Amino acid sequence: MGSTLKNSGLLSLGAIAGVAISMQFSALAQKPVEQGMPLEELRQLSEAYDLIKTDYVEPVSDKKLLTEALTGMVASLDPHSAYLDKKAYRDLREGTQGKFVGLGIEIAQSEEGFIKIVAPIEDSPAWRAGIKAGDLITRINNEAIQNLGIDEAIKKMRGEPMTKVTLTLQRKDVPLPLVMTIMRQEIIQKSVKGKMIEPGYAWLRISQFQEPTVDDMAARLAALYQQDPGLKGLVLDLRNDPGGLLQGAIGVSAAFLPKGAEIVSTNGQLANSRQNYLGTPEFYTLQGNGDALARLPAALKTVPMVVLVNTGSASASEIVAGALQDYKRAVILGSRTFGKGSVQTIKPLGSDTAVKLTTARYYTPAGRSIQARGIIPDFLVDENADGDGLNGFRMREADLEKHLSNDRDKESAASTREQLEAQRRLVALERKRKPLEYGGADDFQLAQAIKHLKGLPVQLAKAAMAERPPVAQATPAPTPANKAK
């Protein structure tokens with residue numbers, strides 16, 4: 001199995017610009033296609049091409065027409081298949097390495113259509129310039145960006161090292177706009193952080209699954225155990241973790257599960273897309289530094305655990321939550337996850353472009369499909385003591401046009417008109433709320449997780465009884481006899 005993984009390339013499930021995706025860097029053998037081409041449709045394509053070249057109001061280059069045709073063809077399949085031009089291909093590869101050239105900010109779309117600063121990355125150009133969580137970017141290089149997509153905003157802010165970008169910011173309680181000119185630099189993004197919440201109880205956060213994640217997690221866990229050898233409970237925080245490398249998800253899961261346990265499986269048309277991935281070093285070791293998990297305390301396999309998830313938990317983070325839930329190794333607490341359960345294969349086209357193509361679905365150890373359904377927590381808990389804010393109204397996989405169907409379970413319904421109206425009513429209230437700092441003193445869900453670890457009652461969400469899974473879904477640890485394949 002190890003040689004299969006290494007020969008088939010780098011399998012990953014991740015996110016670029018906050019959109020949950022999964023991908024596989026590979027050179028898999030092509031499946032033979034049926035003989036015969038749709039000649040009539042090809043003739044129409046050729047005629048349309050000629051008409052544009054001769055009759056359009058102004059000249060259009062052959063490269064533009066062919067690139068746009070390729071882009072539209074691939075994008076028509078599902079939300080995660082795409083043609084990657086030179087910059088998009090480079091950004092995708094940088095994202096899995098945990099480094100990129102930019103300003104060093106975590107961002108999201110604001111309710112007003114601007115770009116909201118979730119947090120500046122410590123010691124980044126943005127952090128040194130004084131950008132704060134909650135700031136709104138209203139202009140980039142003096143261009144208005146209201147209703148500009150996150151992908152496009154990121155393109156404008158990223159660039160070559162030591163080049164400048166000017167941001168116009170709106171800050172709460174500051175009457176005039178703030179204008180900052182910031183120098184782009186290479187950003188090293190740490191995906192793991194952790195601390196002791198109180199004696200005996202630790203918090204470990206993974207913000208994205210990158211190449212160094214398993215090693216960084218092992219080092220952080222070892223430090224926490226050194227700080228408090230009598231650890232009574234651990235909270236693994238995967239909220240707003242959009243995914244990343246599959247090796248990272250396998251390694252994180254393997255740290256808490258019996259050695260060799262199945263973590264995830266994939267299934268598609270190609271033989272190489274039908275794989276079972278186990279919690280052994282050949283499936284999670286990337287950097288050639290040996291088995292980072294071998295250095296962890298044995299007690300980590302049995303310490304009581306809670307995993308925090310929300311609507312922004314997607315792809316690789318759903319694999320971890322699903323595996324720990326299937327084996328009953330941890331309690332899952334929070335809100336239903338995004339539902340990103342498909343695998344994409346990155347097929348290079350030449351040296352600097354590629355096609356990202358959906359090639360498989362992935363499944364939890366018990367055979368559950370996450371696609372368009374997500375992971376349902378064991379305890380549904382709102383983000384705040386007085387409600388879930390806008391978290392429950394964020395877009396999920398099932399809301400995306402042309403999303404891949406779930407082949408094994410009923411999907412979650414997309415947002416209804418009533419839900420959208422309720423969202424509009426909440427926007428005004430949420431604007432006044434202080435941005436949530438995960439792991440901070442005001443982190444309500446974390447406080448509920450610690451309560452559960454102590455055996456105390458947890459404040460459940462209002463929707464808990466409506467969304468809680470039936471008892472039959474509490475699946476026992478899978479064995480070859482009971483796995484639904």
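Just so it is clear, the model here is predicted, and its values are computed rather than measured. Both backbone and side-chain heavy atoms feed into the values below; hydrogens, waters and symmetry mates do not.
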Worksheet item: So does Lys164 have more than 12 non-hydrogen atoms from other groups sitting under 6.0 Å from NZ?
Response: no

Worksheet item: Is Lys301 close enough and on-axis enough to Phe256, meaning under 6.0 Å and within 45°, for cation-pi?
Response: no

Worksheet entry | Donor on one side chain, acceptor on other, Gln371 and Asn406, under 3.5 Å | no

Worksheet item: Cationic tip of Arg368 within the cone over Tyr363's six-membered ring, i.e. under 6.0 Å and within 45° of the normal?
Response: no

Item to complete: Give a yes-or-no answer on whether the side chains of Asp228 and Tyr201 include a donor-acceptor pair shorter than 3.5 Å.
Response: no

Fill in: Lys195 NZ: over 12 foreign heavy atoms closer than 6.0 Å
yes

Worksheet item: Thinking salt bridges, do Asp216 and Lys193 make one under a 4.0 Å N-O criterion?
Response: no

Worksheet entry | Salt-bridge contact Glu318-Arg373 (side-chain N to carboxylate O under 4.0 Å) | no

Worksheet item: Have Thr345 and Thr359 got a donor and an acceptor in their side chains that come within less than 3.5 Å?
Response: yes

Worksheet entry | Residues Asp78 and Ser81: side-chain donor-acceptor under 3.5 angstrom | yes

Pairs under 3.5 angstrom only: tabulate donor-acceptor contacts from the side chains of residues 130-139 to other protein residues two or more places apart or in another chain.
from, atom 1, to, atom 2, distance (Å)
Asp135, OD1, Arg171, NE, 2.9
Asp135, OD2, Lys132, N, 2.9
Asp135, OD2, Arg171, NE, 3.4
Asp135, OD2, Arg171, NH2, 2.8
Thr138, OG1, Thr168, O, 3.2
Arg139, NH1, Asn142, O, 2.8

Item to complete: Please say whether more than 12 non-hydrogen atoms of neighbouring residues, nucleotides or ligands are located less than 6.0 Å from CD in Gln170.
Response: no

